[in-house]
J.: 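One structure is given below, represented as structure tokens, and several questions about it will come after.
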Number of protein chains: 2
Amino acid sequence: MTGHPELTRNQSLVLKALDKAEGPLSAYTILDLLRDDGFRAPLQVYRALEKLQEFGLVHRLESINAFVACADPHCHRHSMIAFAICENCGRVDEFSDETVEARLGEWVAANRFKPAKTTIEIRGNCAACAAQAQ
Amino acid sequence: MTGHPELTRNQSLVLKALDKAEGPLSAYTILDLLRDDGFRAPLQVYRALEKLQEFGLVHRLESINAFVACADPHCHRHSMIAFAICENCGRVDEFSDETVEARLGEWVAANRFKPAKTTIEIRGNCAACAAQAQ
DNA sequence: CAATTGCATGTTATGTCATAACATTTAGAG
DNA sequence: CTCTAAATGTTATGACATAACATGCAATTG
């Protein structure tokens, strides 16, 4: 139904770690979390992350070099997903917007650009942290 | 007129290197280009880049860890700038879109998010490279 | 079964990007 | 001149990511 194959042991472990975290994690943080499960080297994490991104189960946040579990099982319907990242508490909100997709799609079409991956990330403070900062 | 002070020697050298390159450069590539001008350490480059970004003369491309000279002297009028990055030839096109800004602004307002920096980057192949790939 | 194939994994080493910490120099303001 | 703030120089280290090669393991197929 979801369109992705069974996960391997390493992929499952990495995904579980991200789900449990409820926030972005760096690859090396994931590695440390999985030491007890036999993980020894960064590549074990990066290879699992690569597959999980292919399956659409994990997103990479380019601007902070971190990874999050996908919050929306239907996000692969969209050509692009936007993230709002709180630099204070680490909270990440994932959303998509048809209009933004359409406008960027227009630019791409007008310039005959062949997009492979689109990144939209807003960094700042979430409502809770912004209120607290007063 | 432009609203930024005179550049220091290091800042000028880094900006000149980026202007000359006509494409994104990594900090370490800039360092190598400026060895003959007395540059010895990465921090000299990163510090100059930091200031140049403040002045709006340089942009950082988050998704490829590289820097480009700003193509539009008026880009600071916009709250966000989008980049189309060719993964084949390295060409970078810089553009902005009021509608995209407005839509993301709506999300931000609705969620009481306080944005600090917004990243929009489309990676793929430019028209020339996409045509050649046929 | 044995052989082949493809993918996932394990491991070591290395490459790439970025900043901490501290000393020194430079340019203005008073 | 003296004080101050900013910029610079330098060494060391931290953080993120991948190359290269060996091994294991399951599915197919002859």
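Worth knowing before you read on, the calculation uses all heavy atoms, side chains too, and leaves out hydrogens, waters and symmetry mates. Per chain, numbering begins at 1; letters A, B, ... match sequence-line order.
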J.: I'd like to know whether CZ of B/R35 has more than 12 heavy-atom contacts from other residues, nucleotides or ligands below 6.0 angstrom.
T.: yes
J.: What is the ring orientation for B/F95 with A/W107, classed by angle as parallel under 30°, tilted 30 to 60°, or perpendicular over 60°?
T.: parallel
J.: B/Y28 OH to D/dA17 C1': how many Å, rounded?
T.: 14 Å
J.: Classify the nucleic acid contact of B/R47 as base, sugar-phosphate or nothing, counting any heavy atom under 4.0 Å across all strands shown.
T.: base
J.: Extract, from 5' to 3' on DNA chain C, the first and final nucleotides lying under 4.0 angstrom from some heavy atom of chain B.
T.: C/dC17 to C/dA21
J.: Taking all non-hydrogen atoms of both residues, which atom of A/E94 and which atom of A/A69 are closest, and how far apart?
T.: OE1-O, 4.4 Å
J.: If you assign each of A/R40 and B/I64 to its closest nucleotide in DNA chain C, which residue comes earlier from the 5' end?
T.: A/R40
J.: Which pair of non-hydrogen atoms, one from B/A48 and one from B/V14, has the smallest distance, and what is that distance?
T.: CB-CG2, 3.6 Å
J.: Nearest heavy atom decides the nucleotide; on that basis, is A/S26 or B/P42 closer to the 5' end of DNA chain D?
T.: B/P42
J.: Look up atom CD in A/E121 and atom CD in B/E62, then write down how far apart they are to the nearest 0.5 Å.
T.: 7.5 Å
J.: Which listed nucleotide (D/dA7, D/dC16, D/dT18) is nearest to the side chain of B/K51?
T.: D/dA7
J.: Does OP1 or OP2 of D/dA17 have a side-chain N or O of A/R60 closer than 4.0 Å?
T.: yes
J.: Using whole Å, report how far CG of B/D37 lies from P of D/dT8.
T.: 13 Å
J.: Any chance CD of B/E106 has more than 12 other-residue heavy atoms, nucleotides or ligands included, within less than 6.0 Å?
T.: yes
J.: Would you say a side-chain N or O of B/N65 is under 4.0 Å from OP1 or OP2 of D/dA17?
T.: no
J.: Measuring to OP1 and OP2 of D/dT8, would you say a side-chain N or O of B/T8 lies under 4.0 angstrom away?
T.: yes
